[in-house]
Amino acid sequence: MGFVSITMENFEKSRGGRPRAFDPEVALDAAMHLFWEHGYEATSLAMLREAMGLTPPQIYNAFTDKETLFRRALARYHEREIRFALDALSAPVPVKEAMRLLLMGAAEAYTRPGKPGGCLFISGALAASPQAQGIADELRTYRKATEAAITARLVKGREAGELPADLSVERLAKYLAGVMHGMSIQARDGASAEDLRALAETALAAWAAEVRKAADTNGETDAGPVLHD
């Protein structure tokens with residue numbers, strides 16, 4: 001099911017015969033925030049119609065159906081809302097600082113004023129029915145991509161000698177991704193940015209201890225990168 005082209009000419013005839021034009025970018029943002037707040041299955045067409053300010057024919061003409069609309073919302077979320085992760089993982093800093101930027105960025109991003117708490121990739125379809133399995137799979141793909149990006153950054157740090165040579169970066173990446181998932185859920189439950197920063201500090205300290213343990217096991221004199229001040 002592909003995406004359809006959306007232009008400003010999408011409209012329907014109003015009762016008075018005048019075309020009702022709308023801004024597809026604004027409409028898509030409204031849908032994204034609604035899915036982000038309520039999840040895929042709990043978001044009804046009536047809710048979308050009200051939030052987007054569109055009629056059902058306009059929604060279907062512009063976005064084909066609810067599933068396509070959700071997939072477009074996911075792409076928009078990836079484009080607009082996770083810049084913190086992309087910036088952290090591509091920053092020209094040591095790996096310990098990159099991971100700090102990642103988790104601290106998540107603490108801020110998941111608690112932004114005026115936006116739903118948490119991460120759409122995590123909360124969009126935590127409990128999906130068989131009818132929405134395709135959506136659940138799509139969200140899993142996004143989450144796996146995040147984990148893979150963390151792994152790649154850790155590999156780069158290990159190759160630069162910032163991590164012990166035989167440290168399992170895959171296991172550490174899974175741990176860090178799991179921490180971010182937990183932060184998202186806590187944000188949904190009302191945790192503040194300060195709460196999430198404290199959680200991130202604890203996770204970074206635990207990782208530092210794991211790195212030191214690996215270094216000691218290898219007989220290295222350097223205890224490895226310390227992830228807190």
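Keep in mind it's a predicted model, so treat the numbers as computed, not measured. All residue numbers refer to positions in the sequence shown, counting from 1.
In this structure, Leu139 and Gly124 approach most closely via the heavy-atom pair CD1-C, 3.7 Å. Closest of all the heavy-atom pairs between Leu167 and Arg158 is O-NH1, 2.8 Å. Between Ser184 and Gly118, the shortest heavy-atom contact is OG-CA, 3.4 Å. The minimum heavy-atom distance between Leu154 and Leu163, with the atom names listed, is O-CD1, 3.6 Å. Pairing each heavy atom of Ala27 with each of Leu54, the nearest pair is CB-CD1, 4.0 Å. Taking all atoms of both residues into account, the shortest heavy-atom contact from Leu28 to Ala73 is CD1-N, 4.0 Å.
Partner Val95 forms a side-chain contact (heavy atoms from CB on, under 4.5 Å) with one of Arg153, Lys156, Arg100 and no other, that one being Arg153.
With hydrogens and angles ignored, the 3.5 Å screen pairs no side-chain donor or acceptor of Glu50 with any backbone N or O of Met47. Not a single donor-acceptor pair under 3.5 Å links the side chain of Thr68 to the backbone N or O of Thr64.
In this structure, the side chains of Leu48 and Phe35 come closer than 4.5 Å at one or more pairs of heavy atoms. The closest side-chain heavy-atom distance from Glu147 to Glu170 is not below 4.5 Å. In this structure, the side chains of Met99 and Leu89 come closer than 4.5 Å at one or more pairs of heavy atoms. Annotation: side chain of Asp166 is in contact with side chain of Pro164 (closest heavy-atom distance under 4.5 Å).
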Check against side chain to side chain contact (heavy atoms under 4.5 Å, CB included), Leu120 and Glu81
CA-CA 9 Å; Leu120 175 59; Glu81 303 294 339; over 6 Å; no
Go through it in stages, so that I can follow the logic: the residues are Leu45 and Tyr60, the test is side chain to side chain contact (heavy atoms under 4.5 Å, CB included), and I'd like the CA-CA distance, side-chain angles, deciding distance and then a yes or no.
CA-CA 10 Å; Leu45 179 60; Tyr60 289 124; 3.6 Å; yes
Yes or no on side chain to side chain contact (heavy atoms under 4.5 Å, CB included) for Leu101 and Phe84, after CA distance, side-chain angles and deciding distance?
CA-CA 8 Å; Leu101 291 173; Phe84 77 91; over 6 Å; no
Intermediate values then yes/no, side chain to side chain contact (heavy atoms under 4.5 Å, CB included), Ile150 and Met180
CA-CA 11 Å; Ile150 296 172; Met180 293 177 69; 4.2 Å; yes
Using the rule given for ring pair (Phe, Tyr, Trp, His ring centres under 6.0 Å), can you reason through Tyr77 versus Trp36, listing the C-alpha separation, both sets of side-chain angles and the distance that settles it, and then say yes or no?
CA-CA 9 Å; Tyr77 180 85; Trp36 189 355; 4.9 Å; yes
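Defined by atom type and a distance below 3.5 Å, a donor-acceptor pair is missing between the side-chain atoms of Ser192 and Glu194.
Ser44 contributes atom OG, which lies 8.0 Å from atom CZ of Arg49 (distance to the nearest 0.5 angstrom). Separation of atoms CG (Asp23) and CE (Met52) is listed at 11.0 Å; rounding is to 0.5 Å. Put simply, CD1 on Ile135 and CD on Glu138 are 6.5 Å apart, with the number rounded to the nearest 0.5 Å. Taking CD from Glu210 and CZ from Arg212, the interatomic distance works out to 10.5 Å, rounded to the nearest 0.5 Å. Arg188 CZ to Ile122 CD1: the interatomic distance, rounded to the nearest 0.5 Å, is 10.5 Å. Distance check, rounded to the nearest 0.5 Å: NE2 of His38 to OG1 of Thr43 gives 6.0 Å.
A salt bridge links Arg197 with Glu108: at least one charged nitrogen is closer than 4.0 Å to a carboxylate oxygen. Look at Lys115 and Glu37 and you find no salt bridge, because none of the NZ, NE, NH1 or NH2 atoms lies under 4.0 Å from a carboxylate O. Between Lys96 and Glu162, none of the side-chain N atoms (NZ, or NE/NH1/NH2) sits under 4.0 Å from a carboxylate O, so this pair counts as no salt bridge. Between Arg71 and Glu67, at least one side-chain nitrogen of the basic residue sits less than 4.0 Å from a carboxylate oxygen of the acidic one, meeting the salt-bridge criterion.
No more than 12 heavy atoms of other residues, nucleotides or ligands sit less than 6.0 Å from atom CZ of Arg171.
The cationic atom of Lys66 (NZ for Lys, CZ for Arg) lies less than 6.0 Å from the six-membered ring centre of Tyr40 and within 45° of the ring axis.
Relative ring orientation between Phe121 and Tyr142 is described as parallel, the plane-to-plane angle staying below 30° on a 0-90° scale split at 30° and 60°.
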